[in-house]
2 protein chains.
Amino acid sequence: MTEPRARRRARLNRDKVVQAAVDLADTDGIESLSMRKLGVALGIEAMSLYSHVANKGEVLDGMIDAVFGEIDAPSSRIKWKSAMRRRAISIRQVMARHPWAIGLMESRTAPGPATLRHHDTVIGMLRAAGFSIELAAHALSALDSYIYGFALQERNVPSVTGETARLAKLLLTQLSSDEYPHLAELTVKHVLQTGYDHGNEFEFGLDLILDGLERARHPD
Amino acid sequence: MTEPRARRRARLNRDKVVQAAVDLADTDGIESLSMRKLGVALGIEAMSLYSHVANKGEVLDGMIDAVFGEIDAPSSRIKWKSAMRRRAISIRQVMARHPWAIGLMESRTAPGPATLRHHDTVIGMLRAAGFSIELAAHALSALDSYIYGFALQERNVPSVTGETARLAKLLLTQLSSDEYPHLAELTVKHVLQTGYDHGNEFEFGLDLILDGLERARHPD
DNA sequence: ACCTGAACACCGTTCAAGT
DNA sequence: ACCTGAACACCGTTCAAGT
């Protein structure tokens, strides 16, 4: 038993550093991901990380690419609409697993191999389904904007589950119903209703776009 | 002339601190916005800021609310569809002026008065146009997801303007056209075409959603 | 009431030194 | 080739002290 408390994988490399960073961000949040804590998690001094990555930015780029690798590649064996629908739902699930990812995307500009592979597959599937280059670009832009934007907003809305959150929201609504009557009405009569599922909201907008794309592909 | 180099406004207060933070983020980027630099910009010691704000988070919340205050309130004197279209374009313009805002939204959860006022006005306009509560919620969720997601993606794509960026992109495409053929094709034959305007991409998706909402309001 | 300076507990990163 | 410890230039924030 020469092992200290932190399990040291056979040999450290870039991928293992990135995976440890993903785990740390999932557990403690991205704001507490530091090179020093990452070192501790790997049973290593923080400065040793620089043997495997050039800087923290490379870790962050790797994390984003790892997240893209988790997205289900759309199958070309089903209708394009079902495939794009499943892809959207898969992205939303992945973003729910890694809530820090959506915020990280904003600051990173160097797409990794998994990211490029994913987009290449999606474009290829749309082209095979008969989309023109222009329409494929429009479709990808519209769908991804919607999916990422929804994930971004979902992160900001405090979850309605849990009685305390519910009570807090009710109180807030009560206080502001004079100043913001329409917002108060929408909150009380819609968002706070038992059985309200934010996922329905996601699928409503998603189907709006998918139906619109179908119409654009087959102009009347 | 008792004034030192930094203009000191008559008396400092929360709003002036927030406005200085917005200016600093616009100029130098959000990543270099620190309490110390904010102090320098205001001709004050960093620690004096805590007389006006509780912490940096309050500054960030204020910045987001200031950005919402810049969005054109939708007029109730025109058709809902035109009003929502203009609102979307206004948000995109405001986000272009303050590119840091979209990334900040992700981490802030306390909406300020301008934010609440804006959303209340929009919901009120949709309700007046005959939208049910449910459909108004769906409409706002779909549109805002799309708008913010588009802004998020727009920030990640290096601008195609400028010959150097153009050449760099061409080279990149050349290198990866074997591995990512569809991505390469879309980039070369669409994105890099002269006259390509990313704004058209925005309006395509926007009109897709607006048309879909119109159909949802008047089911066939 | 507002501002200051010193201090604390953190950051990312460099560098010379070790094995 | 990989890891370490000390150091540098930064952070946000607290606190006792000044006016």
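All values below come from the heavy atoms of this structure, side chains included, with hydrogens, waters and symmetry mates left out. Protein chains get the first letters and strands the later ones, always in sequence-line order, with residue 1 at the start of each.
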Protein-nucleotide distance (Glu58(A), atom CD; dT13(C), atom P), rounded to Å: 11 Å

Distance, rounded to the nearest Å, where Lys16(A) contributes NZ and dC3(D) contributes P: 11 Å

Sugar-phosphate, base or nothing in reach of Leu38(A), heavy atoms under 4.0 Å: nothing

Within 6.0 Å of CZ in Arg97(A), more than 12 heavy atoms from elsewhere: yes

Distance below 4.0 Å between His52(B) side-chain N/O and dC3(C) OP1 or OP2: yes

Ring-face cation contact, Phe150(A) with Arg92(A), 6.0 Å cut, 45° max: no

Spacing of Lys56(A) atom NZ relative to dC10(D) atom C1', expressed in whole Å: 14 Å

Side-chain donor-acceptor contact under 3.5 Å, Gln153(B) with Ser145(A): yes

Ser48(A) vs dC2(D): side-chain N/O to OP1/OP2 distance below 4.0 Å: no

Out of dG12(C), dG5(D), dG5(C), whichever nucleotide has its closest atom nearest the side chain of Glu45(A): dG5(D)

Ring-ring centroid check His119(B) Phe68(B), cutoff 6.0 Å: yes

Sugar-phosphate only, base, or nothing, as touched by Leu49(A) at under 4.0 Å among non-hydrogen atoms: nothing

Distance in Å, Thr115(A) OG1 paired with Tyr180(B) OH, rounded so as to fall on 0.5 Å steps: 9.0 Å

Between C1' of dA1(D) and OH of Tyr50(A), the distance in whole Å: 19 Å

His52(A)/Glu58(A) under side chain to side chain donor-acceptor pair (under 3.5 Å): CA gap, chis, key distance, verdict: CA-CA 10 Å; His52(A) 304 102; Glu58(A) 197 177 310; over 6 Å; no

Parallel, tilted or perpendicular, as decided by the 30° and 60° cut-offs, for the rings of His138(A) and Phe204(B): parallel

Sugar-phosphate, base or nothing in reach of Met47(A), heavy atoms under 4.0 Å: base

Sugar-phosphate only, base, or nothing, as touched by Ser51(A) at under 4.0 Å among non-hydrogen atoms: base

Rounded distance in Å - CG (Leu60(B)) to C1' (dC11(D)): 14 Å

Secondary-structure stems for DNA chain C, with pairs counted as Watson-Crick or G-U when both distances are under 3.5 Å and runs at least 3 long: C:4-8 with D:12-16, C:12-16 with D:4-8

Lys37(A) vs dC11(C): side-chain N/O to OP1/OP2 distance below 4.0 Å: yes

Spacing between Arg36(A) atom CZ and dC11(C) atom C1', to the nearest angstrom: 6 Å

Nearest-angstrom distance from the residue atom CD of Glu31(B) to P of dC11(D): 12 Å

Met35(B) CE to dC10(D) C1', straight-line distance once rounded to whole Å: 16 Å

